Every structure is written in C-alpha cells, then in structure tokens.
Amino acid sequence: MDVLTDQSLVLSDREFQRISDAIYDHCGINLHAGKRGLVQSRLSKLVRRQGFETFTKYIDYILSDEGKEEFVTAVDTLSTNLTFFFRENQHFEYLRQDYLPKLIANKSKEANKRVRVWSAACSSGEEPYSLAITLAETFAQEINWDIKILATDISTRVLERAKMGTYDIERIEPLTAQQKQRFLVANNIEGRKVFQVRRELTDMVRFRHLNLMDAWPFRGRFDIIFVRNVMIYFDKPTQAVLVKRFWDHLADGGLLCIGHSESLTGIDHSFRYVQPATYQKA
Ligand SMILES: C[S@@+](CC[C@H](N)C(=O)[O-])C[C@H]1O[C@@H](n2cnc3c(N)ncnc32)[C@H](O)[C@@H]1O
C-alpha cells in the first residue's frame, strides 16, 4: 500500500454529503457542516488503514454488503464517547435525596419491589456503574428488591470496554474512598494497575447493543431512563420522536434524565419539569 499524504485525502463536498447522509440514516447523528474537519481527520485514518486511495472508494466500500463491519467502525470513530463516573452529579444526588426514597416508599406500599433503569447511551460503562453504586447505596437497608440496569449503546467498541468493567486510576477519581473500597478491586493487566468493578455492581447491569433509531425490544417499562449527552448529536425532529418513545417506555411517575447541555425546548411533550435536565412522567 502506498503511504498517502494528508493532501491526497481531502474530503470533497460530495463525499462529505454521502458520509453524513449515511451516518444520519443509520444512527441519527447529525454531521452538519461544522463537523467537516472532524470527519476528514477521523475518517482519513480509517481510509489509510483499509488501503484506499480516496474517500469515495472507502465510502463505496462501507456502504456495500462487504463493508458492513467497517461501517460500524466508521460510526464508532465519528461518534463521541466521552463519559466519566458521576458525570453531571446533580442527577445522582437527586436520585439519592429525593427520587429513590420516594420510589422505595411507594413500591413498598404496593409490594412491588422491582426497579428497572435504562442507561440509553452508556458508552464505556461509567454511567450505568454510577447508577448501580447510587442504587446499591440507597437500597443498602432494603431487602428482597429486584433491581436491574439495562445499559445500551450503538458502539460495540465501547460496550466491550464497559463489559470488562476495568478502569485506570484517573478514571475512578470521582468515587469516594468508601466507594472505591466497597465497589472496586485493584487488579493488574499486563503490568498496568487497573480497578475492576466488583460483582455486586456487574450483577446489576446488563450491557446490550442497541441503536436508538431501531425498534426497542423491551417488554416492561422503566422507572428511570438516563439518555444523556447523545440527543445533542441528533436534530430536533429525531429528538422529538425519541422523547415520545421514552415517554411510552417509562412507568407512570418514571424519570427521564437528559444531558445538562441538552433541552426539551421546542419539543412537544407531556413531561413535568423537575429540575434542570430532569423530567418526570407525572
Ligand atoms: C458522549 S457519550 C455519552 C455517554 C453517557 N451517557 C454520558 O453522558 O456520559 C454518547 C454515546 O452515544 C452513543 N450513540 C450515538 N448514537 C447512538 C445511537 N443512535 N444509538 C445508541 N447510542 C448512540 C455513542 O456511541 C456514545 O457512546
């Protein structure tokens, strides 16, 4: 394979349009004109790795049956997976201080001891494990509760990391000393010190691949849905469809948490505003 220079990999208008249309159709991510530089720099690495001379040949390939797997890699590369433990901690504090104690009181009355949570764009797992820690701590004195967290993402690459549940020391910084002690165990992977999430948490969380644009194969309804820092990549009509679907998949009184830089403004919905980025089906 020839080593290609950066100049030979300029993304033309048509190539940018083709790739952004394909990504939008597949997963709703809106790669608007401002993302052109990002698309060019991130995709050019893949084009080179696959040995193609132009973006056009690479795009033809990933849109063909033969290139399906590489298309997944392109989606992974173009999406942003930034996440961290207890990100936007106001949500976890609200759960701890307000929502979960009330949920416990209400469900105990009805003898319904099930709690279902969905982390709908879970990235490498920090969000669902933060939920698991919050639930484990809040339910510490409770017995016989059936608590499950479903964690889904479109990216198979981040899901693999999430399932492993091992994090470098800098990643676990937001946890308190007690949380580290109770929920993590130090491990060594190829000479690197990492922290492994303990069984108590991994038993609560199920990771699954799910594109939010596809059908959702769930039977029951959720008490809590976290869908944070993903709708920002979708346009308003796509967000509106999703918000309606989240409503349908929440139990009465259920909670919807979105990212703090996201908003339901301009979307027709029936949620009750609780606090910034927090809405209730009530
Ligand atoms: C910035 S991360 C947010 C992670 C976490 N929710 C948080 O707030 O820290 C966005 C995640 O959305 C996922 N994503 C993007 N489009 C998606 C889609 N159509 N369906 C499911 N997940 C998607 C990406 O793979 C990425 O892991």
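Everything numeric here is computed off the predicted structure, so don't read it as measured data. Position 1 is the first residue of the sequence, and the numbers go up from there. Every number for a ligand or one of its atoms is a count from 1 in the order of the listing.
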Next on the checklist: Check D223 with K148, please: is the shortest side-chain N to carboxylate O separation under 4.0 Å?
Outcome noted: no
Item to check | Centroid-centroid distance, W216 to F222, less than 6.0 Å | outcome: no
Suppose I only count heavy atoms of [X] and a 4.0 Å limit; which atoms of ligand 1 are within that range?
X    : answer
R228 : 3 (C), 5 (C), 6 (N), 7 (C), 8 (O)
S123 : 4 (C), 27 (O)
A121 : 3 (C), 4 (C), 5 (C), 6 (N), 11 (C), 12 (O)
C27  : 19 (N)
S155 : 25 (O)

Next on the checklist: One residue to check: L82. Relative to ligand 1, which of side chain, backbone, both or neither has a non-hydrogen atom less than 4.0 Å away?
Outcome noted: backbone
Checklist outcome for this item: Contact region, E127 to ligand 1, non-hydrogen atoms below 4.0 Å, reads side chain
Using only atom types and a distance under 3.5 Å, with no angle test, would you say the side chain of [X] pairs donor to acceptor with the backbone of [Y]?
X    : Y    : value
N30  : F234 : no
E15  : T56  : yes
D153 : S155 : yes
S108 : I104 : yes
E262 : M231 : yes

Next on the checklist: Applying a strict under-4.5 Å side-chain criterion to I, L, V, M, F, W and Y, I'd like to know whether I232 and L31 cluster together.
Outcome noted: yes
Checklist entry - Does some non-hydrogen atom of S79 fall short of 4.0 Å from ligand 1? => result yes
Checklist entry - Could a heavy atom of L210 be found less than 4.0 Å from some atom of ligand 1? => result yes
When you measure from [atom] to every protein heavy atom, which one gives the shortest distance, and what is it?
atom                    : result
atom 15 (C) of ligand 1 : V230 CG2, 3.7 Å
atom 9 (O) of ligand 1  : T83 OG1, 2.6 Å
atom 1 (C) of ligand 1  : T80 O, 3.1 Å
atom 16 (N) of ligand 1 : I29 CD1, 3.7 Å
atom 20 (N) of ligand 1 : L212 N, 2.9 Å
atom 8 (O) of ligand 1  : N229 ND2, 2.8 Å
atom 22 (N) of ligand 1 : I154 N, 3.3 Å
atom 24 (C) of ligand 1 : D153 OD1, 3.5 Å

Checklist entry - Testing F207, F183, F86 for ring pair (Phe, Tyr, Trp, His ring centres under 6.0 Å) with Y129, which one passes? => result F207
Checklist entry - With sequence neighbours left out, what residues match K102 under side-chain hydrogen bond (donor to acceptor under 3.5 Å, both in side chains)? => result D98
Item to check | Separation of F85 CZ from E173 CD (nearest 0.5 Å) | outcome: 12.0 Å
Next on the checklist: In the structure I gave you, are the side-chain heavy atoms of R228 and E127 within less than 4.5 Å of one another anywhere?
Outcome noted: yes
Checklist entry - Is M213 close to ligand 1, meaning an N/O of one under 3.5 Å from an N/O of the other? => result no
Checklist entry - When only distance counts, is R87 in polar contact with ligand 1, meaning an N/O pair under 3.5 Å? => result yes
